[in-house]
There are 2 protein chains.
Amino acid sequence: MAVRAPTVAGQARRDQILEASARLFSERGYHATSMREIGEATGMLAGSLYAHIDGKEDLLFGIVQRAAGAFLDRVKAVRDSEASAEEKLRRAMRAHVEVVAGDLEAARVFHHEWRALTGRRRTEVRKLRRRYEGLWDEIVRELPGATDPKAARLLVLSAANWTYTWYRPDGPMSPQQVADRFTDLLLEGLRGGG
Amino acid sequence: MAVRAPTVAGQARRDQILEASARLFSERGYHATSMREIGEATGMLAGSLYAHIDGKEDLLFGIVQRAAGAFLDRVKAVRDSEASAEEKLRRAMRAHVEVVAGDLEAARVFHHEWRALTGRRRTEVRKLRRRYEGLWDEIVRELPGATDPKAARLLVLSAANWTYTWYRPDGPMSPQQVADRFTDLLLEGLRGGG
DNA sequence: CCTACCGATCGGTAGG
DNA sequence: CCTACCGATCGGTAGG
């Protein structure tokens, strides 16, 4: 039980540890990262980390939870907005790609290191992931002429979820450009009718 | 240096070890799997594995190489086939989803445990992955009216590559049905024109 | 946040 | 393929 009543400075230190962990977990993976490396990246010894956190898995859970919150908040706002179904799809795609681009390391940890979680934490994250898929499902179902919404949702989410593997902030396209290009292709098709 | 001139039985044993490793690596991840667990899954002690393999990373490399070969062979055949561009896209998507469905565990290891590889092996796998993307690029570029082939290829490959995360062989759709649905949606768009 | 340390487990090897 | 073992490293703790 660490940091019961977090001070301002204590919280900042914990954020710093989370950030360093996200970087290391995304680069090498959760199990390949040692507490000693996390300590080194934050300027202290491994043992000292336990004044700020409960354990290694606590770090992973914190990163994943934070990322899930970002995705959920942004897309929930889109779902609740007043706009056409196509416009909502466009906004949701923008939101997703922006969250990914805003913190690629956290996105990578969210999308595939979460599986290293165990017990309650794993169950909790699974719930958050399902909730996120549910939001996209609602948006896609609103599209006019959606004959197979489940397949459509899978296709749309595939495009969104895969971005963390290839998007580079120093590349030629902004997050919004990527999102808009994908949305156009998804709506109009590769045949380019429309 | 193990198995220089593999006997028939020796090769079968090595295959068995690879299969067990693929299952464990896909479930828990490469670094979270111990040689003792792999030994247990193949009915021997950890030390005895080294009569068949050179090291733990050797196992990961073997699994990834084999999976890469399956994807490459199948899609290369599609690219070289005589068919319209749209038909090639359909066949490539079928091939990919069939390979994924045919060995979900290997597909998972291929898609994301490969990052645990180091040095030459990592470089080699990167090369194979790029070659695979190149094949898809060729297929997508043949599509009539392909205004932005790079975005189109990314979208198509996102749909294909994400399947390993959600496809279940005991689910309602066959690999071919999944592939065809995706191909239809990709070509015609969510607006359902056509 | 450090010193000093714990038991457990890791990948791998020698010798048979 | 087993017995017996190696040094290294792991996550974490007690006490200050």
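Keep in mind that this is a model prediction, so the values were computed, not measured. So that the names make sense, note that chain A is the first sequence line, chain B the second, and so on, each numbered from 1.
Every salt bridge (Lys or Arg N to Asp or Glu O under 4.0 Å) that B:Asp148 has, sequence neighbours left out, goes to A:Arg181. A:Glu37 is linked by a salt bridge (Lys or Arg N to Asp or Glu O under 4.0 Å) to A:Arg28, counting only residues two or more places apart in sequence or in another chain. For A:Glu105, the salt bridge (Lys or Arg N to Asp or Glu O under 4.0 Å) test picks out no residue, with sequence neighbours left out. Taking B:Phe71 as the reference, B:His96, B:Phe110, B:His111, B:Tyr132 meet the ring pair (Phe, Tyr, Trp, His ring centres under 6.0 Å) condition, with sequence neighbours excluded. Partners of B:Phe182 by ring pair (Phe, Tyr, Trp, His ring centres under 6.0 Å), not counting sequence neighbours: none found. Looking at residues two or more places apart in sequence or on another chain, you find a side chain to side chain contact (heavy atoms under 4.5 Å, CB included) between B:Glu113 and B:Tyr30, B:Leu60, B:Val109. With sequence neighbours left out, A:Glu57 forms a salt bridge (Lys or Arg N to Asp or Glu O under 4.0 Å) with A:Arg121. B:Ala70 is linked by a side chain to side chain contact (heavy atoms under 4.5 Å, CB included) to B:Val99, counting only residues two or more places apart in sequence or in another chain.
The distance from atom CG of A:Leu45 to atom C1' of C:dC2 is 6 Å, rounded to the nearest whole Å. One interatomic measurement links the two molecules: CD of B:Glu40 to P of D:dC1, which rounds to 16 Å at whole-angstrom precision. Whole-Å rounding puts the B:Glu37 CD to C:dT9 P distance at 11 Å.
Under the salt bridge (charged side-chain N to carboxylate O under 4.0 Å, His left out) rule, A:Lys88 has a single partner from A:Glu138, A:Glu82, A:Glu142, which is A:Glu142.
For residues 90-102 of chain A, the pairs satisfying salt bridge (Lys or Arg N to Asp or Glu O under 4.0 Å) are A:Arg74-A:Glu98, A:Glu87-A:Arg91, A:Arg90-A:Asp180, A:Arg90-A:Asp184, A:Arg94-A:Asp180, with sequence neighbours left out.
A heavy atom lying under 4.0 Å from DNA chain D marks none of the residues of residues 112-123 of chain B.
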**Request:** Any chance you could list the contact pattern along nucleotides 11-16 of chain C? Use B for base contacts, S for sugar-phosphate-only contacts and - for none, protein heavy atoms under 4.0 Å, 5' to 3'.
**Result:** BBB---

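Where pairing requires Watson-Crick or G-U contacts shorter than 3.5 Å, the helical stems of DNA chain D with at least three consecutive pairs are C:1-16 with D:1-16.
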